[in-house]
Amino acid sequence: DGGITQSPKYLFRKEGQNVTLSCEQNLNHDAMYWYRQDPGQGLRLIYYSQIVNDFQKGDIAEGYSVSREKKESFPLTVTSAQKNPTAFYLCASKGAHSSGANVLTFGAGSRLTVL
Amino acid sequence: KQEVTQIPAALSVPEGENLVLNCSFTDSAIYNLQWFRQDPGKGLTSLLLIQSSQREQTSGRLNASLDKSSGRSTLYIAASQPGDSATYLCAVLTGGATNKLIFGTGTLLAVQP
């Protein structure tokens, strides 16, 4: 089955530690995205990548880093510089819909808690 | 700057009722609008996508409409069921080189058996 796999599902981090969230897709999509979801605030865009070896900052990129060395993979590192990292993180990729439009397909999410 | 608002923030209805969820956006220059469903602690599932040139899309008991000029979309759910209980999010795809998807804050729906 084609889809997006995020791991780990739950992650606990001590203050000052960097952690990396994995996102892998086998949909052959070029574009991939990382969103952060907080209660009452909807989804906010952290980083996105339109193509391999290229990525752009979203609206809340400070304290995060990404890489896109392979088409299938778009890992997100939450660094110690991120002041409030506890949140639900969602990865998505964009590809063709049956209507011809591009739609986002989401992973199941990773919940990060800072202790 | 594009802003997307969803009203109401939460809604509780008895099983069998028809209901409408609202989504409004400030900039009418969009490529498309998507409605998603999110179950607690889960990712998002795409329900319907409406291209900017379309007025509505239907899938089963769901019907989404789009009025781009007024910056509004509605998601109509017919004959609601307890299994419809979830958070419903709308998102607009903006124009330009970035093609960013801007999300609303969602409507939490509870369908009571």
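Fair warning: this is a prediction, and the values are worked out from it, not measured in the lab. In the text below, chain A, chain B and the rest are named by the order of the sequence lines, each starting its count at 1.
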Within this structure, what is the [atom1]-[atom2] distance for the pair [X] and [Y], rounded to the nearest 0.5 Å?
{"X": "A:Q37", "Y": "B:F103", "atom1": "CD", "atom2": "CZ", "answer": "9.0 Å"}
{"X": "A:T105", "Y": "B:L44", "atom1": "OG1", "atom2": "CG", "answer": "11.0 Å"}
{"X": "B:L101", "Y": "A:Y33", "atom1": "CG", "atom2": "OH", "answer": "8.0 Å"}

Between B:Q6 and chain A, with a heavy-atom cut-off of 4.5 Å, which part of the residue counts as in contact: side chain, backbone, both or neither?
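B:Q6 has no heavy atom closer than 4.5 Å to chain A.
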Near [X] [atom1], under 6.0 Å, is it more than 12 heavy atoms from other residues, nucleotides or ligands?
{"X": "B:R55", "atom1": "CZ", "result": "no"}
{"X": "A:K9", "atom1": "NZ", "result": "yes"}
{"X": "B:R72", "atom1": "CZ", "result": "no"}

When A:P39, A:A108, A:G58 are compared by non-hydrogen pairs under 4.5 Å with chain B, the top option
A:A108
I need the residue from A:L104, A:L90, A:D59 with the largest number of non-hydrogen atom pairs under 4.5 Å to chain B.
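Top option by heavy-atom pairs under 4.5 Å: A:L104.
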Non-hydrogen atoms of chain B under 4.5 Å away: do they reach the side chain of A:L43, the backbone, both or neither?
both
Treat each ILVMFWY residue as a node, draw an edge where side-chain heavy atoms are under 4.5 Å apart, and state whether B:L48 and B:L19 are in one component.
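Same cluster: B:L48 reaches B:L19 through Ile, Leu, Val, Met, Phe, Trp or Tyr contacts under 4.5 Å.
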Decide whether A:Y48 and A:V66 are clustered together by the hydrophobic rule: side chain heavy atoms of Ile, Leu, Val, Met, Phe, Trp, Tyr closer than 4.5 Å, transitively.
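Shared cluster, no.
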Pairs in or reaching into residues 38-78 of chain B: which pass disulfide (SG to SG under 2.5 Å), with residues at least two apart or in two chains?
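Every pair satisfying disulfide (SG to SG under 2.5 Å) with a residue in residues 38-78 of chain B: there are none.
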Side chain to side chain, B:K42 and A:F88, heavy atoms closer than 4.5 Å
no
